[in-house]
K.L.:
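One structure, as structure tokens, below. Some questions next.
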Amino acid sequence: MLPAEHRMRESVRFERTVRSGARAGRNTLVVHLMTRTDPGPGPAVGFVVSKAVGNAVVRNRVKRRLRALMAGRLDAVGPEQDLVVRALAPAAAAGYADLGRDLDGALRTARKRLAERSAA
């Protein structure tokens, strides 16, 4: 389970990360990664699972899977970074392994794009 101190809860942080973060998408999800300017206790991860994914039961299942996957991948996110994971409709039918593969690929691409932005 994703520790509480690493969960993003403020809507302002969600909005800032989605609007100005480096974006990378896969079939089942899109990630937005941003480096914070203010110091924090570590990486913060937020999840967006809209009604397009399914009913409440399906959305909660997808969100639980994404939280569990991110708990094992916190080291892939820098201590000064915010990450928003947005589930797409195909996430409802995707298995745990498929979500993990898409999450890994999207994180890799987002880190690369963020590094390119900061180098420019």
K.L.:
How about CZ on Arg23, more than 12 heavy atoms from neighbouring residues, nucleotides or ligands closer than 6.0 Å, or not?
P.N.:
no

K.L.:
Indicate yes or no: at least one non-hydrogen side-chain atom of Met70 is less than 4.5 angstrom from one of Val77.
P.N.:
yes

K.L.:
What's the spacing between Arg86 CZ and Thr17 OG1 if we round to 0.5 Å?
P.N.:
13.0 Å

K.L.:
Locate the shortest heavy-atom distance separating Ala22 from Arg113; write the atom from each residue and the value.
P.N.:
CB-CB, 4.1 Å

K.L.:
Name each donor-acceptor pair under 3.5 Å that joins a side chain in residues 48-60 to protein atoms two or more places apart or in another chain, with its distance.
P.N.:
from	atom 1	to	atom 2	distance (Å)
Ser50	OG	Ala52	N	3.2
Asn55	OD1	Val57	N	3.1
Asn55	OD1	Val58	N	3.0
Arg59	NH1	Gly54	O	2.9
Asn60	ND2	Ala56	O	3.2

K.L.:
Checking the side chain of Gln81 only, and the main-chain atoms of Gly78 only, is there a donor and an acceptor separated by less than 3.5 Å?
P.N.:
yes

K.L.:
Val62, Val84: one ILVMFWY side-chain cluster at the under-4.5 Å cut-off?
P.N.:
no

K.L.:
Are any side-chain N or O atoms of Ser118 and backbone N or O atoms of Ala115, one a donor and one an acceptor, separated by less than 3.5 Å?
P.N.:
yes

K.L.:
Return the NE2 to CG distance between His32 and Leu114, rounded to the nearest 0.5 Å.
P.N.:
13.0 Å

K.L.:
Determine yes or no for a side-chain-to-main-chain donor-acceptor pair under 3.5 angstrom, with Arg117 supplying the side chain and Gly21 the backbone.
P.N.:
yes

K.L.:
If you group Ile, Leu, Val, Met, Phe, Trp and Tyr by side-chain heavy-atom gaps below 4.5 Å, do Leu107 and Phe47 land in one group?
P.N.:
yes

K.L.:
Rounded to the nearest 0.5 Å, how far apart are CG of Leu2 and CZ of Arg7?
P.N.:
6.0 Å

K.L.:
Using every non-hydrogen atom in the two residues, find where Ala44 and Arg13 come nearest and quote the distance to one decimal.
P.N.:
CB-NH2, 3.1 Å

K.L.:
Say you draw a straight line from CG of Asn27 to CG of Leu29; how long is it, rounded to the nearest 0.5 Å?
P.N.:
9.0 Å

K.L.:
Which atoms form the tightest heavy-atom contact between Met34 and Ser20, and what is the distance?
P.N.:
SD-OG, 3.2 Å

K.L.:
Any side-chain to backbone donor/acceptor pair from Arg26 onto Gly105? Under 3.5 Å, distance only.
P.N.:
yes

K.L.:
Looking at Leu66 and Ala87, what are the two nearest heavy atoms and their distance?
P.N.:
CD1-CB, 4.1 Å

K.L.:
Starting at CG of Leu69, measure out to CZ of Arg64 and round the result to the nearest 0.5 Å.
P.N.:
12.5 Å

K.L.:
Test of understanding: with side-chain hydrogen bond (donor to acceptor under 3.5 Å, both in side chains), list the residues that count as partners of Arg73, not counting sequence neighbours.
P.N.:
Asp104

K.L.:
Assess the residue pair Met8 and Asp82 against the criterion (side chain to side chain contact (heavy atoms under 4.5 Å, CB included)); give the C-alpha distance rounded to whole Å, side-chain angles, the decisive distance to 0.1 Å, and a yes or no.
P.N.:
CA-CA 8 Å; Met8 187 183 302; Asp82 284 346; 3.6 Å; yes

K.L.:
Hydrophobic clusters here meaning ILVMFWY residues chained together by side-chain heavy-atom distances under 4.5 Å, can you tell me if Val45 and Val12 are in one?
P.N.:
no

K.L.:
Restricting to side-chain hydrogen bond (donor to acceptor under 3.5 Å, both in side chains), what partner residues turn up for Thr28, sequence neighbours left out?
P.N.:
Asp102

K.L.:
Do Phe14 and Val85 sit in the same hydrophobic cluster, where Ile, Leu, Val, Met, Phe, Trp and Tyr count as joined when their side-chain heavy atoms come under 4.5 Å apart?
P.N.:
no

K.L.:
Which atom names give the shortest non-hydrogen contact between Ala110 and Ala24, and what distance separates them?
P.N.:
N-CB, 3.6 Å

